[in-house]
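This report refers to the structure that appears directly beneath it.
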Amino acid sequence: MAFTGLLKLFIGKPVHPVGDDGRMALSDHLRELRARILKAAFVLLVGFIVALFFFDPIFAVINDPYQKAREALGAERTMATTSGVAGGFILYLKLCGIAAVVGTSPVWLYQIWAFVLPGLHSNEKRWTILFAVIAGPLFLGGIALGYVTLPKGLEILIGFTQADLTNLVEFNEYLSFFTRTLLVFGVAFEIPVFVVLLNMAGVVKGKALGAARPWIVIGTFIFAAAATPSTDPFTMTFMAVPMIVLFLLSEVIARLNDRRRAGRAINAGLSPDEASPLEL
C-alpha cells in the first residue's frame with residue numbers, strides 16, 4: 001500500500017485547481033511545481049540506478065570515438081588514463097549521471113512542458129507541440145552528426161602531439177569534451193527552428209532573412225569552425241552545410257508565413273489609392 005501510494009505521488013496525473021475566474025492560486029502553482037520537480041527527480045534517480053547496471057555498454061559508446069582516433073594514429077601515440085584514487089569511481093558516477101539525464105529527457109522535459117501548459121492559449125499549445133515534434137529530431141540529428149565526426153576531430157587534435165611524446169587523455173576530461181561537442185552540434189541544429197519561431201512571433205521577416213543570407217552563410221561557417229573540435233575543413237563543412245540547408249528551409253517557411261499573414265490582413269487586396277467606404 002505504501003509503495004502504491006508513492007507511485008501515485010510521483011506518477012499520478014496532477015490536478016489543476018482553478019478559481020471562479022479560471023485562474024490558479026499562487027499556492028496551487030507552487031504545489032504543482034513541487035509535484036513536477038519531485039516527479040522529474042524520481043525519474044532521474046530511477047534512470048541513474050538503471051544506468052549503473054549498464055555501465056559497460058554506455059562506456060563503450062563514449063569510448064568508441066577515442067578508440068577509433070587511437071587506431072588511426074597508432075596505439076603508441078596516445079593512451080586513456082584516469083587520475084586519483086577515486087578517479088574511476090567519479091567516472092563511474094559521472095557517466096551514469098549523464099546517461100540518466102539523456103535517457104530520461106523525454107520524461108523530465110514533459111514535466112516542464114506540462115507545468116507551463118495550463119498557462120498557454122490553445123494556439124500557443126499547438127505551436128509548442130509542433131516545436132517539440134520538430135526540435136527533438138533535429139537535436140538528435142545534430143548529436144548523431146557530432147558523434148560521427150568526433151573521431152576525425154580527435155585524430156587531428158591528438159595528432160599535434162610530437163612523435164617523441166605520448167598524449168595521455170584523462171578520461172574525465174575527455175567525457176566533458178565529448179558532452180560539450182555533442183551538445184554544440186545538437187543546439188546548432190535548433191537555430192533554424194528558433195528563426196521560424198521568431199518569424200511566427202512577427203520579430204523577423206522572411207524578406208529580411210533573404211537580405212542577410214550572405215552574412216548568415218559566412219557566420220555559419222565561422223560558427224562551425226569555432227564549434228567543431230578539429231581544425232580540418234571537412235568536419236567544419238559537415239556541420240555548416242546542414243545548418244545552411246536548414247536555414248534556407250526556415251527562410252522559405254518564413255516567406256510563406258509572411259505571405260499567408262499578408263493575405264489575412266484587413267486591407268488585403270485593397271489598392272492604396274482606393275477610397276475607404278464610410279458609414280455615417
Side-chain angles (χ1 to χ4, degrees), residues 6-14 16 29 32-66 90-120 124-150 171-197 227-229 238-239 242-243 246 250:
L6 184 63
L7 285 179
K8 288 182 178 180
L9 173 63
F10 287 110
I11 305 177
K13 184 178 180 180
H16 301 284
H29 277 293
E32 176 72 8
L33 178 61
R34 180 183 63 185
R36 295 294 178 185
I37 292 176
L38 288 174
K39 290 178 183 180
F42 177 73
V43 170
L44 284 170
L45 178 61
V46 172
F48 179 78
I49 294 174
V50 172
L52 293 175
F53 294 96
F54 293 92
F55 175 81
D56 289 337
I58 295 172
F59 178 81
V61 171
I62 304 297
N63 189 37
D64 185 65
Y66 170 74
I90 297 300
L91 175 63
Y92 195 90
L93 295 180
K94 184 185 293 187
L95 191 56
C96 292
I98 294 175
V101 171
V102 175
T104 63
S105 57
V107 179
W108 55 262
L109 285 174
Y110 168 77
Q111 297 300 325
I112 297 174
W113 180 76
F115 175 72
V116 178
L117 182 63
L120 299 178
E124 293 173 335
K125 293 177 183 178
R126 289 195 297 268
W127 284 119
T128 55
I129 294 174
L130 181 62
F131 173 77
V133 170
I134 297 176
L138 281 178
F139 185 78
L140 294 177
I143 288 179
L145 181 61
Y147 187 84
V148 170
T149 59
L150 186 59
F171 210 85
N172 280 291
E173 296 181 359
Y174 165 74
L175 180 58
S176 299
F177 175 81
F178 177 92
T179 305
R180 286 196 305 269
T181 301
L182 298 194
L183 186 61
V184 166
F185 271 83
V187 171
F189 274 51
E190 298 296 311
I191 294 177
V193 180
F194 287 105
V195 171
V196 173
L197 289 178
T228 49
F238 283 146
M239 183 179 187
M243 286 183 63
L246 290 172
S250 66

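As the structure is a prediction and not an experimental result, all values here were calculated from the model. These values consider heavy atoms only, across backbone and side chains, with no hydrogens, waters or symmetry-generated copies.
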*Could you tell me whether F177 and Y174 have their ring centroids closer than 6.0 angstrom?*
no
*Between L52 and C96, what is the shortest heavy-atom contact and its length?*
CD2-SG, 3.6 Å
*Can you name the closest pair of heavy atoms from L182 and G146 and give their distance?*
CD2-C, 3.4 Å
*Given side chain to side chain contact (heavy atoms under 4.5 Å, CB included), test M243 with F185 step by step and report yes or no.*
CA-CA 10 Å; M243 286 183 63; F185 271 83; over 6 Å; no
*Exceeds 12 heavy-atom contacts within 6.0 angstrom, atom OH of Y110*: no
_CD-CD1 distance between E32 and I37, expressed to the nearest 0.5 angstrom_ = 10.5 Å
*L138 and F189: which non-hydrogen atoms are nearest, and at how many Å?*
O-CB, 3.5 Å
*With sequence neighbours excluded, tell me which residues meet side chain to side chain contact (heavy atoms under 4.5 Å, CB included) with L175.*
I62, L91, K94, L95, I98, T179
*Shortest non-hydrogen contact from P192 to S250?*
O-CB, 3.7 Å
_If I compare all heavy atoms of V101 with all of W108, which pair ends up nearest, and what's the gap?_
O-NE1, 3.0 Å
*Side chains of F139 and L183: closer than 4.5 Å at any heavy-atom pair?*
yes
_Is there a side-chain contact between L93 and F48 in this structure, where contact means two heavy atoms from C-beta onward sitting under 4.5 Å apart?_
yes
*asked:* Using the side-chain contact (heavy atoms from CB on, under 4.5 Å) definition, which of the options V50, V43, V46, L45 pairs with T104?
replied: V43
*Any chance you could measure L140, atom CG, to Y147, atom OH, to the nearest 0.5 Å?*
15.0 Å
*At their closest point, which heavy atom of P65 faces which heavy atom of F178, and how far apart are they?*
CG-CE1, 4.0 Å
*Which distance, rounded to the nearest 0.5 Å, do you find between the CG of L145 and the CG of L150?*
11.0 Å
